[in-house]
Amino acid sequence: QRRQRRLAGRKMAKESIPVVDLSLGEEACVLEVKRACETYGFFYLTGVDKVVTGDLCVNSVFEGAGRFFQLPQEKKDTFKAKRIDEHPFGYQSAVLENIKLDPTGQKLPDQREQLKFGRGTYLLDYHAFMNRKTKYCPGSGGAEGSNAAAGSQQASKDDASSEEETHFSHILLFSFLTQQHQKYCPGSGGAEGSNAAAGSQQASKDDDTHVVWLSEEGTEKAWRSEVNAYFEHVSKLGHHILTLLSRSLGLESQEYFDQFFDRALELMNFNYYHPTKSDLAAGKLGCGSHTDYGMITILMTDKVPGLQVCKDKAQSESSREWIDVEPRENHFVVNVGDMLERWSNGRYVSNLHRVNGGGQERLSIAFFFEPNVNARIVPLGRLFADQKGPREYQDVVYGEWLAEKYKKTGGSVVA
């Protein structure tokens with residue numbers, strides 16, 4: 001019976017996810033985004049030069065990533081997070097660390113390696129939040145939610161004032177930064193107090209937005225600069241997509257989501273999938289079936305197929321059909337994450353997806369565009385009122401959700 005269940009996962013649907021072309025104008029894009037998010041939860045995105053100016057250097061960024069993953073293991077290991085306060089950045093081998101994105105459905109770990117980047121603010125905010133002595137959620141409300149106090153909803157049981165909790169969070173952030181600011185200098189290789197790399201700047205307050213490299217071993221300065229530029233370009237694209245999402249949901253302000261993303265947890269992963277053919281019956285995949293944790297994921301892939309999205313995750317495991325998301329030149333793949341599904345009260349679908357490898361090496365760049373660590377996600381009141389149905393999701397603080405997901409998957413971060 002178990003074998004039949006797994007074999008059923010091979011059912012393939014001859015369909016394709018929608019395409020959103022930013023060159024066609026915002027009105028057309030909003031309608032297509034709405035259709036895509038309500039059905040597959042995935043869409044191709046093209047025409048991004050209308051939003052992001054400058055060369056994304058996609059080909060050279062991929063080439064450099066390919067060179068990195070061919071480095072000797074001991075050099076790749078220098079990029080590992082050495083301490084808990086560097087998690088989740090750096091190098092990780094799912095095979096060596098036995099990481100499974102679908103622990104119940106996989107016998108074997110994901111057949112891939114990853115290199116993860118983010119801003120200094122990610123480490124600062126995430127670890128300050130995880131080490132807090134009291135729960136806090138400053139700047140996380142919204143008039144569209146079930147509580148009307150925009151920007152100041154409380155998560156603590158003692159209902160401490162928003163000002164006090166905001167002050168406490170800044171103390172934690174500054175304290176953490178004081179210990180770390182010399183370590184995380186862009187282009188400095190992590191050396192304490194190093195100012196050698198051109199353009200490096202020391203963080204002196206809790207707003208270090210530079211991309212953090214835990215090491216530079218075996219990599220070229222030019223490639224690192226291209227990676228940093230790519231990160232900034234896709235971050236800008238993510239903020240534009242927020243506007244499309246607000247409009248597609250019929251919110252009064254197209255900037256509604258901005259208040260939750262002024263210190264967004266943005267994480268970028270290089271994913272290298274081994275040239276190992278997946279075996280569904282044996283529970284062996286490039287990465288197991290999962291949904292993404294945050295708001296949206298913006299993915300760029302090489303020319304090798306493997307990504308599959310579930311046609312309808314509400315179906316039983318044995319009945320699910322899977323759609324191949326074929327690589328398209330100059331197209332991103334964007335998908336809905338768990339937080340957007342919750343914000344929309346289930347109207348938008350955070351869909352299951354996986355990598356079913358065909359035995360070829362495969363590279364992808366996944367950019368996880370996630371809310372502030374202390375953002376309280378409250379289902380948008382008007383949406384479940386319009387649906388004339390019950391509220392489907394309870395409030396959740398994003399940092400708490402993220403910590404729980406890390407715990408379940410052994411510290412890995414999605415596709």
Side-chain angles (χ1 to χ4, degrees), residues 81-90 116-142 145 147 149 151-181 183-184 203 205-212 214 235 238 257-269 292-295 337-340 342-343 368-378 394-414:
K82 307 299 190 301
R83 303 189 311 273
I84 189 64
D85 57 36
E86 293 177 336
H87 172 81
F89 292 3
K116 307 174 188 180
F117 306 89
R119 302 184 192 277
T121 49
Y122 189 117
L123 294 178
L124 295 168
D125 291 6
Y126 178 78
H127 291 288
F129 183 86
M130 292 303 133
N131 292 321
R132 70 201 188 285
K133 295 180 181 179
T134 183
K135 292 184 179 181
Y136 69 98
C137 198
S140 63
N147 299 317
S152 62
Q153 293 181 0
Q154 296 293 333
S156 61
K157 292 182 180 178
D158 63 1
D159 198 30
S161 74
S162 179
E163 278 189 44
E164 289 174 345
E165 295 197 334
T166 302
H167 178 65
F168 176 70
S169 70
H170 280 288
I171 290 174
L172 283 173
L173 293 177
F174 188 82
S175 174
F176 185 85
L177 179 65
T178 299
Q179 302 171 38
Q180 301 294 344
H181 77 275
K183 179 178 178 62
Y184 298 127
K205 51 185 178 178
D206 66 348
D207 61 354
D208 181 8
T209 60
H210 296 98
V211 175
V212 171
L214 299 187
S235 172
F257 287 118
D258 291 352
Q259 63 187 302
F260 304 98
F261 288 83
D262 58 341
R263 289 179 71 92
L265 293 189
E266 297 169 310
L267 187 70
M268 188 170 78
N269 290 10
D292 290 350
Y293 311 157
M295 185 70 165
D338 295 342
M339 296 303 98
L340 182 52
R342 299 180 78 92
W343 249 316
F368 302 107
F369 193 71
E370 306 177 356
N372 300 350
V373 71
N374 57 353
R376 178 176 286 277
I377 315 306
V378 181
Q394 297 302 309
D395 299 5
V396 65
V397 176
Y398 184 60
E400 295 174 355
W401 175 269
L402 187 62
E404 186 62 26
K405 291 293 184 179
Y406 282 153
K407 187 186 303 182
K408 289 181 179 178
T409 60
S412 184
V413 187
V414 291

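Counting begins at 1 with the first residue of the sequence.
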Expected output: side-chain H87 to main-chain H127 donor-acceptor under 3.5 Å | no

R342 side chain to Q394 backbone, donor-acceptor under 3.5 Å |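 Yes, because the side chain of R342 sits within donor-acceptor range (under 3.5 Å) of the backbone of Q394.
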
Residue pair [X] / [Y], side-chain heavy-atom distance below 4.5 Å:
X	Y	value
F260	W343	yes
F129	E400	yes
M268	V211	no
L267	F89	yes

E370 versus Y293, side-chain donor and acceptor atoms under 3.5 Å =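 There is no such pair between these side chains.
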
Please report the interatomic distance [atom1]([X]) to [atom2]([Y]), rounded to the nearest 0.5 Å.
X	Y	atom1	atom2	answer
L340	M295	CG	CE	4.5 Å
F368	D292	CZ	CG	5.5 Å
D338	W401	CG	CH2	5.0 Å
L214	R83	CG	CZ	9.5 Å

side-chain hydrogen bond (donor to acceptor under 3.5 Å, both in side chains) partner of R263, the single match among D125, N372, T209 =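 By the side-chain hydrogen bond (donor to acceptor under 3.5 Å, both in side chains) criterion, R263 pairs with just one of D125, N372, T209: D125.
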
Given side chain to side chain contact (heavy atoms under 4.5 Å, CB included), test M339 with V396 step by step and report yes or no.
-> CA-CA 9 Å; M339 296 303 98; V396 65; 4.1 Å; yes

At their closest point, which heavy atom of [X] faces which heavy atom of [Y], and how far apart are they?
X	Y	answer
L123	V212	CD1-CG1, 4.4 Å
S235	E266	OG-OE2, 2.5 Å
P88	Y122	CD-CE2, 3.5 Å

For F117, enumerate each residue passing the ring pair (Phe, Tyr, Trp, His ring centres under 6.0 Å) test, keeping only those at least two apart in sequence or located in another chain.
-> W213, F270

Step through it carefully: locate the ring centre of Y406, locate the ring centre of Y126, and say whether they are under 6.0 Å apart.
-> yes

